Amino acid sequence: MSEVLQITSPSVSKAQKREYDNINELPDELLISILARMPMKEAARTSVLSRRWKKLWTSHPYLVFDGSNSLRGIHYRSEQVLESEQFKYLNWVNDVLESHHDAAIDEFKIRFYLDQCYQSDIDDWVRFAFGKKVQRFELDLSSS
């Protein structure tokens with residue numbers, strides 16, 4: 001006679017799952033501190049983890065928007081493509097700033113090419129930065 005070995009995964013209770021999920025036991029301040037060590041785009045991706053994580057990234061103290069490398073390559077391909085990508089990047093920056101909930105920020109850096117037609121957005125960014133009592137501010141909108 002041959003024996004059949006059946007392997008089944010043990011059912012895990014909710015209590016056991018919580019036991020493995022120690023990160024959710026940490027206070028928000030500590031989780032925000034962890035997220036602050038990640039690039040902002042990566043921190044924003046954590047918003048899909050759970051309801052609690054949905055807004056944690058919006059307190060990220062380092063708002064760094066550096067599209068200089070990606071937009072520089074587009075600049076040489078087509079003016080129309082560049083304008084489209086600038087517009088997308090500009091909207092992403094505006095969406096992040098609109099979502100930001102912390103009272104203060106440590107660093108605010110925007111580095112990508114924009115021309116004068118975006119002056120209104122640039123003015124809004126400067127007002128945002130100083131309204132949040134930014135510690136380090138860098139605005140580089142040059143094409144190089």
Side-chain angles (χ1 to χ4, degrees), residues 5-144:
L5 179 62
Q6 184 176 10
I7 300 174
T8 59
S9 62
S11 63
V12 179
S13 70
K14 285 185 181 182
Q16 289 171 320
K17 285 181 184 177
R18 271 189 240 114
E19 193 175 300
Y20 295 119
D21 187 16
N22 292 332
I23 196 162
N24 277 319
E25 300 297 321
L26 299 174
D28 285 355
E29 296 78 20
L30 186 54
L31 293 174
I32 291 167
S33 177
I34 292 168
L35 292 177
R37 287 161 174 70
M38 303 168 71
M40 191 180 45
K41 217 170 202 177
E42 297 300 319
R45 287 182 179 156
T46 65
S47 66
V48 301
L49 296 176
S50 71
R51 272 183 258 133
R52 180 178 180 210
W53 285 80
K54 186 173 181 90
K55 298 241 183 227
L56 280 177
W57 75 273
T58 64
S59 294
H60 201 288
Y62 304 103
L63 301 181
V64 177
F65 304 95
D66 189 351
S68 57
N69 289 333
S70 59
L71 292 177
R72 184 179 301 124
I74 293 168
H75 182 69
Y76 297 108
R77 281 193 264 156
S78 159
E79 192 66 32
Q80 189 176 17
V81 173
L82 175 63
E83 287 175 13
S84 172
E85 290 303 311
Q86 282 176 323
F87 188 73
K88 285 182 200 173
Y89 206 85
L90 179 108
N91 283 334
W92 177 66
V93 170
N94 288 336
D95 289 346
V96 169
L97 298 186
E98 191 175 301
S99 299
H100 196 270
H101 286 97
D102 213 6
I105 53 177
D106 294 335
E107 182 177 16
F108 185 74
K109 181 188 299 187
I110 295 183
R111 187 182 296 158
F112 60 93
Y113 174 70
L114 283 179
D115 56 30
Q116 290 296 322
C117 70
Y118 298 106
Q119 187 63 48
S120 173
D121 291 290
I122 296 165
D123 291 344
D124 289 344
W125 297 342
V126 172
R127 277 192 290 278
F128 171 87
F130 288 101
K132 295 283 188 167
K133 300 173 180 64
V134 66
Q135 299 298 308
R136 286 184 305 276
F137 180 71
E138 181 181 332
L139 186 62
D140 179 358
L141 306 173
S142 63
S143 60
S144 55

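Owing to the predicted nature of the structure, the values given are computational and were not obtained by experimental measurement.
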Between Val93 and Phe112, is a side-chain contact (heavy atoms from CB on, under 4.5 Å) present by the stated rule, with each step listed? CA-CA 11 Å; Val93 170; Phe112 60 93; 4.1 Å; yes
Under 3.5 Å, side chain of Glu107 to main-chain N/O of Ile105, donor-acceptor pair present? no
Restricting to non-hydrogen atoms, name the atom on Val64 and the atom on Met40 that form the minimum distance, rounded to 0.1 Å. O-CE, 3.9 Å
Heavy atoms only: give me the nearest Ser59-Asp102 pair and the separation to one decimal. O-OD2, 3.7 Å
Between Phe108 and Phe128, how do the two ring planes meet: parallel, tilted or perpendicular, split at 30° and 60°? tilted
For the residue pair Lys132 and His101, what are the closest heavy atoms and their distance? NZ-C, 4.1 Å
The test is side-chain contact (heavy atoms from CB on, under 4.5 Å); show your working for Trp53 and Leu35 and say whether it passes. CA-CA 11 Å; Trp53 285 80; Leu35 292 177; 4.0 Å; yes
Are more than 12 heavy atoms, taken from residues, nucleotides or ligands other than Arg127, located less than 6.0 Å from that residue's CZ atom? yes
Does some side-chain heavy atom of Leu63 sit less than 4.5 Å from a side-chain heavy atom of Trp125? no
Atom CD1 in Ile32, atom OG1 in Thr58: separation rounded to 0.5 Å? 7.5 Å
Spacing of NZ belonging to Lys55 relative to NE2 belonging to His100, to within rounding of 0.5 Å: 12.5 Å
What are the two closest non-hydrogen atoms of Met38 and Thr46, and how far apart are they? CE-CG2, 4.4 Å
Checking side-chain contact (heavy atoms from CB on, under 4.5 Å) for the pair Arg45/Trp57: CA distance, chi angles, key distance, verdict? CA-CA 8 Å; Arg45 287 182 179 156; Trp57 75 273; over 6 Å; no
Reported CZ-to-CG distance for the pair Phe65 and Leu90, which is rounded to 0.5 angstrom: 10.5 Å
Looking at every heavy atom in both Gln86 and Leu114, which two are closest together, and how far apart are they? NE2-CA, 4.0 Å
Taking the side chain from Tyr113 and the backbone from Gly67, do they hold a donor-acceptor pair closer than 3.5 Å? no
As an exercise, state the distance from NZ of Lys41 to CG of Asp66, rounded to the nearest 0.5 Å. 11.0 Å
Ser84 side chain near Lys88 side chain, heavy-atom distance below 4.5 Å: yes
Looking at the rings of Phe130 and Phe137, which for Trp means the six-membered one, are their centres under 6.0 Å apart? yes
Interatomic spacing from CG in Leu30 to CG in Asp28 - rounded to 0.5 Å: 10.0 Å
Please assess Arg52 against Leu31 for the test side-chain contact (heavy atoms from CB on, under 4.5 Å), listing each intermediate value before the final yes or no. CA-CA 11 Å; Arg52 180 178 180 210; Leu31 293 174; 3.4 Å; yes
Any donor-acceptor N or O pair under 3.5 Å, side chains Gln119, Asp123: yes
Would you give the length of the straight line joining atom CD1 of Ile110 to atom CD1 of Ile122, rounded to the nearest 0.5 angstrom? 8.5 Å
